[in-house]
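Taking it in order: structure first as structure tokens, then the write-up.
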Amino acid sequence: MPQLIDGKKISTEIKDELKEKVSRLKEEGKTVCLAVIQVGKDPASTIYVNNKKKACAYVGIESLSYELPEETTEEALVSLVEELNGNEKVNGILVQLPLPKHIDADVIIRTISPDKDVDGFHPESVGRLCIGEPGFVSCTPAGIIQLLKRSGIEIAGKECVVMGRSNIVGKPMSILLLRENGTVTITHSRTENLREVTRRADILVVAIGKAKFVTRDFVKDGAVVIDVGMHRNAENKLCGDVDFEDVKDKVSAITPVPGGVGPMTIAMLMYNCVTAAEK
Ligand code: NAP
């Protein structure tokens with residue numbers, strides 16, 4: 001059996017560290033507050049939002065909840081975000097994506113003050129990440145770096161292949177691995193000889209949104225595999241972009257789904273909120 005990289009355990013470790021930090025901040029008279037905005041009633045978004053609020057309660061972060069109707073206009077959402085930008089009590093602003101089709105998510109992301117951009121999606125945050133300046137980092141890739149480091153997996157000098165180039169996972173993941181001195185290759189839907197490229201990886205991060213796509217012929221013997229994908233099968237069971245059963249005997253370490261990357265995303269959101277309050 002390979003080493004199972006336990007995201008549940010590591011995320012709890014991080015939240016416990018943050019809990020202590022938050023109580024120290026409280027002793028200094030500082031509170032931490034996250035504003036969470038959901039537009040519409042998409043059931044998956046409601047689950048994500050509730051999990052984020054639960055994590056806030058666990059860590060000691062106050063959460064302000066804004067549940068807006070589906071027909072909310074872009075202008076109304078922009079003005080709520082602007083109001084929260086100016087509210088000194090609020091340290092972080094999270095707008096749950098996806099938004100209804102009539103609202104341009106890019107406009108909303110750009111409206112959030114970079115100082116309160118705890119999702120790390122604002123172009124200023126992304127630019128800072130690229131040039132190595134301090135700033136908020138997208139939570140899922142930041143969580144993956146924590147998973148690797150806290151599991152004792154060396155990144156420096158290793159061949160790292162990232163499958164997927166989305167703005168929220170693939171691209172920031174590649175830059176973070178580069179920052180940790182990995183030798184990074186990014187693949188996407190137009191990559192030729194995909195398996196040849198992925199088989200070079202000492203560390204393979206898979207974020208393509210295709211259930212059980214990565215089978216044993218994609219991985220090198222002894223590779224570390226990080227599975228970002230999240231899908232529900234016909235029996236309502238969660239699975240990832242990697243065919244876990246097929247690859248598990250070939251790899252040295254792997255994240256399970258559920259219980260791998262998923263819990264880390266929320267832990268790093270909490271981390272970003274505390275960092276925002278400390279500034
Ligand atoms: P996305 O925006 O759909 O991007 C998918 C990427 O995969 C694209 O860059 C695409 O290439 C590439 N791709 C698609 N098919 C491919 C193929 N056959 N071979 C190689 N590359 C291929 O997805 P995302 O938002 O990054 O999310 C990816 C997965 O992670 C989803 O399952 C999502 O649910 C999950 N996710 C989980 C968490 C978590 O907290 N656990 C957080 C975020 C996302 P092109 O650019 O060429 O189209």
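Whatever order the structure lists ligands and atoms in, that order sets their numbers, starting from 1.
Pocket lining of ligand 1, defined as residues with a non-hydrogen atom under 4.0 Å away: Thr140, Gly164, Arg165, Ser166, Ile168, Val169, His188, Ser189, Leu194, Ala207, Ile208, Gly209, Lys210, Phe213, Val228, Gly229, Met230, His231, Asp241, Val261, Gly262, Thr265.
Linking Ile, Leu, Val, Met, Phe, Trp and Tyr residues whenever their side-chain heavy atoms come within less than 4.5 Å leaves Val126 and Val205 in two separate clusters.
Aromatic ring centres of Phe213 and Phe218: separated by under 6.0 Å.
A donor-acceptor contact under 3.5 angstrom links the side chains of Lys53 and Ser65, judged on distance only.
Note on residues 89-116: pairs passing side chain to side chain donor-acceptor pair (under 3.5 Å), not counting sequence neighbours, are Lys52-Gln96, Glu62-Lys89.
Under a cutoff of 6.0 Å and an axis angle of 45°, Lys250 and Phe244 do not form a cation-pi pair.
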Checklist line | Trace of the side chain to side chain contact (heavy atoms under 4.5 Å, CB included) decision for Ile108 with Glu74 | finding: CA-CA 8 Å; Ile108 304 304; Glu74 188 175 293; 4.3 Å; yes
